Amino acid sequence: MHTLLLLGDEAIAQAGIDAGMSGMYAYPGTPSTEIMEFVQGSREAAMKTIHREWSANEKTAMEAALGMSYAGKRAMVAMKHVGLNVAADGFINAAITGVNGGLIVVAADDPSMHSSQNEQDSRFYAKFSFVPVLEPSNQQEAYDMVFAGFEISEKYKVPVMLRITTRLAHSRSGVKRKGERKQNALTLPSDPRQFVLLPAIARRRYHGLLGIYESLRYDETLGSFNQYYEGSDRRLGIISFGISFNYLTENYPDRDVGMPVLKICSYPVDNSLLERIAAGSDELLVLEEGYPVMEELLKGILSGGKSVKGRLDGTLPREGELNPAIVAAALGLPATRGGEVPEIVRMRPPSFCKGCGHADMYNALHEALAGYAPGRVFSDIGCYTLGALPPYNAINSCVDMGASVTMAVGAADAGLVPSVAVIGDSTFTHSGMTGLLDAVIKNSPVTVIISDNSTTGMTGGQQSHATDRLESICEGLGVDRKHIRTIVPLRKNHEENIAIMKEELAYNGVSVIIARRECIQTASRRKKEAVKQTDNK
Amino acid sequence: MRNDIILAGVGGQGILSIAAVIGLAAVERGLYLKQSEVHGMSQRGGDVQSHLRLSDSPVASDLIPYGKADLIISVEPMESLRYLPWLSSSGWLVTNSTPFVNIPDYPETDRIMSEIRKVKNHIIIDADAIAKESGSARSGNMVVLGAASGYIDIPFESLSDAVRSLFGKKGEEIVEVNLKALRAGRNFIM
């Protein structure tokens, strides 16, 4: 079949379409966003009527995927690593319920925090939940692993995690497609109580899950992604996990490392493979992208005498993603660095687009708050987080999706009055609504500014669930209609907007100010589309 | 055959289009390819780069090792310097000369140019001006690609074909403007 040039994300999406997936569920988050975008843009997915709408957040996405699996069909749910925190309740308990139709959970980790607030390693969640993991080292494996993942999921009736990291998610390479699989028919679980996690049932299912997890170590399909390479120089044995294999072989022009290498791309690992390389080499070097998850296991607490090198002993950096140079240094190979970056080169951090409504909102807020002591603006995750940077220096927090509202409530409880939350429209419907309900219940003196650009902006402009609904949502949650104010953040409205903000800051209860102006990126895209439509008429 | 190329610029300047053109041409010629991109937060006016690796044998790492890049193609002069640690001693640096100033402490252009001239193999091209002459101020990225095309082991005709199929959806006019920009960049070095 024709080779396609696909991002790792796109390879996973195409594989889902080809492997008989009936539903794709996700909330946008770098580096996972392009999986859903690809499915949404695919003509084949449309022809196969695959469900492919964005969900309100990762938890609703996870649960909808589980529901589709309950009904016997294959489902995939994709999220960035911190999205798995949001989905964790559903994810961990889905391991206990098990699945009916195949279920793949794609977790896209971001070591080095290119676009994230931490570099947590999703393999921990999988281990914690007794869920098998597939971790591709290249785009073709990413594609193939979706087929294998559904197969394993349906064979063992467990969810399967597909763990990728930023470099694979956002790197393009040639991918060969396999033959297509049909979607499953609607079939309910054979045991009607499988998904009813009452304690007595849950205990039985958990016992079963522990047994399944052990037998997965010896599953042939899972094991087919691991490989042992012999090497004559046995002073060092190298165990590579996922894409770190590439950074290893990159350092050897003919790809022959000359030492024993164990390439692992699936978990749980057959211990005999680990024992084999340990027995065949004097020392071990562990290469893994993310946390030293396996290194810690291999080292143990009472080390058995075998020297294990890696992120824990300083052979590799404890933090951040790997690259060929880091691995070369760990192997004692010479550095190949070119020239140095000239001293005149300056940092160029991301910034608001010219004409962005968030910027006008912050300019007004800055003046409205002039009479108050600083340190009272809690913000959230999105483009408006860039308000933390100069010249705005406008926000005092950015923690997790929705935390602006609830942290403002807690700070107000402590006496920081008024407390201000700045949250985007999509983040508000993701996780801000429940916090606003808390505020309403205790009539907390907080001013919640929903900076509504009518899109999910930072990830490239995906549909926002909040569009055209914010006023009615806030009113429905119990915010007094008189204190739901809508402003248009434009320079010409500057004075008026300051006045409205000042009024609401002075109000001793819950206020919501909706600062609404369409994202200039999506607006210009929409205009171009409109011109194209007219041209075609 | 092996070409390791770093594409550099500022978010929104079109480096991913350059990558897409080279990538498409490479795949059409049956070459192996890995191309790593930056998405997400950095795209908002921040520095962006893409590692593009072409080879007639499978490519291992998605990232180019330090000191191994054969070519830096940059649509912004200061950004071209950010990636010097990757450039090999025999590699070429091809850059646009028009600065994109969106930070308060952007260095003086003269100092940037003198740093670029210290690189043994360099080409500085006023891609913005040439793009304007070609009929579209927005196709400066194709001008820079044209100027760099002599250092990529892919025939120029293949790159032109890739431009045609990549921009085809946007209409014949867009295709022609981009092809003109690509050729103008190519003529600059011939």
Side-chain angles (χ1 to χ4, degrees), chain A residues 3-5 7-8 29-31 33-34 110 114-116 138-139 166-174 243 245-252 255 323-325 328 335-342 344-354 356 383 385-386 390-391 457-460 532 535, chain B residues 10-12 19-20 23-24 26-27 30-47 51-52 57-69 76 78-79 81-89 91 100 102-108 111-112 115 118-119 170-171:
Chain A
T3 300
L4 298 175
L5 187 54
L7 292 177
T30 312
T33 313
E34 291 78 8
D110 188 20
H114 298 280
S115 268
S116 307
N138 59 49
Q139 292 77 355
T166 308
R167 291 303 169 187
L168 182 65
H170 288 164
S171 175
R172 234 172 259 282
S173 193
I243 62 165
F245 180 75
N246 305 340
Y247 302 143
L248 171 67
T249 56
E250 180 66 35
N251 283 294
Y252 300 89
R255 308 284 176 251
N323 63 36
T336 58
R337 208 172 157 89
E340 288 309 311
V341 181
I344 58 161
V345 174
R346 292 285 166 265
M347 300 269 283
R348 196 189 304 256
S351 56
F352 288 125
C353 305
K354 250 188 206 139
C356 174
C383 282
T385 318
L386 296 172
M458 184 59 96
T459 45
K532 221 193 309 179
D535 287 354
Chain B
V10 179
L24 200 60
V27 166
L31 294 173
Y32 290 94
L33 163 89
K34 278 193 178 174
Q35 180 221 326
S36 120
E37 305 173 354
V38 172
H39 292 222
M41 197 153 192
S42 329
Q43 282 177 296
R44 298 278 168 271
D47 55 272
H51 288 212
L52 180 53
S57 61
V59 179
S61 166
D62 298 87
L63 298 173
I64 299 169
Y66 291 126
K68 299 281 188 180
E76 208 282 340
M78 182 179 82
E79 293 308 321
L81 297 169
R82 199 183 296 282
Y83 306 98
L84 289 184
W86 278 269
L87 190 63
S88 91
S89 51
F100 185 97
N102 65 342
I103 47 171
D105 53 352
Y106 193 93
E108 289 162 37
R111 296 184 65 194
I112 295 174
E115 290 293 343
K118 284 183 197 164
V119 177
K170 298 185 177 176

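Note on naming: letters A, B, ... go to the chains in the order of the sequence lines (proteins, then strands), and numbering restarts at 1 for each one. Because the structure is predicted, anything quoted here is derived from the model rather than measured.
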When the 4.5 angstrom heavy-atom criterion is applied to E115(B) and chain A, the contacting part is side chain
Contact class of C383(A) relative to chain B, heavy atoms under 4.5 angstrom: side chain
Could you check which of V27(B), L52(B), L84(B) has the highest count of heavy-atom pairs closer than 4.5 Å to chain A? L84(B)
Under 4.0 Å between a Lys/Arg side-chain N and an Asp/Glu carboxylate O for D62(B) and R167(A)? no
Give the member of I103(B), V59(B), V119(B), L63(B) that has the highest number of heavy-atom pairs under 4.5 Å with chain A. L63(B)
Does any backbone or side-chain atom of L24(B) lie under 4.5 Å from a heavy atom of chain A? Answer side chain, backbone, both or neither. backbone
In terms of heavy-atom pairs under 4.5 Å with chain A, which of S61(B), G30(B), S89(B), G171(B) leads? S61(B)
Between A335(A), S171(A), G338(A), G29(A), which shows the greatest number of heavy-atom pairs under 4.5 Å with chain B? S171(A)
So for P104(B), is it side chain, backbone, both, or neither that comes closer than 4.5 Å to the heavy atoms of chain A? neither
Residues Q139(A), L7(A); criterion side-chain contact (heavy atoms from CB on, under 4.5 Å); working and verdict: CA-CA 7 Å; Q139(A) 292 77 355; L7(A) 292 177; over 6 Å; no
side-chain hydrogen bond (donor to acceptor under 3.5 Å, both in side chains) partner of R348(A), the single match among D105(B), N102(B), D47(B): N102(B)
Residue part contacting chain B, namely of I344(A), when any heavy atom lies under 4.5 Å: both
Run the side-chain contact (heavy atoms from CB on, under 4.5 Å) check on F100(B) and M78(B) step by step: do they pass? CA-CA 9 Å; F100(B) 185 97; M78(B) 182 179 82; over 6 Å; no
In this structure, are over 12 heavy atoms from other groups packed under 6.0 Å from Y32(B) atom OH? no
With sequence neighbours left out, what residues match F245(A) under ring-ring contact (aromatic ring centres under 6.0 Å, His included)? Y229(A)
Which atoms of L87(B) approach chain A - backbone, side chain, both or neither, heavy atom under 4.5 Å: backbone
Could you have a look at C353(A), G339(A), G457(A), S173(A) and say which one has the most heavy-atom pairs with chain B under 4.5 angstrom? G339(A)
Between A325(A), C356(A), G174(A), P349(A), which shows the greatest number of heavy-atom pairs under 4.5 Å with chain B? P349(A)
For E340(A), the salt bridge (charged side-chain N to carboxylate O under 4.0 Å, His left out) test, sequence neighbours excluded, returns R337(A)
Residue among W86(B), Y83(B), Y66(B) satisfying ring pair (Phe, Tyr, Trp, His ring centres under 6.0 Å) with H51(B): W86(B)
Show, in sequence, the C-alpha distance, side-chain angles and deciding distance for T30(A) and H114(A), and conclude whether the side-chain contact (heavy atoms from CB on, under 4.5 Å) test is met. CA-CA 9 Å; T30(A) 312; H114(A) 298 280; over 6 Å; no
Top contributor to chain A contacts, counting heavy-atom pairs under 4.5 Å, from R82(B), K170(B), R111(B), K118(B): R82(B)
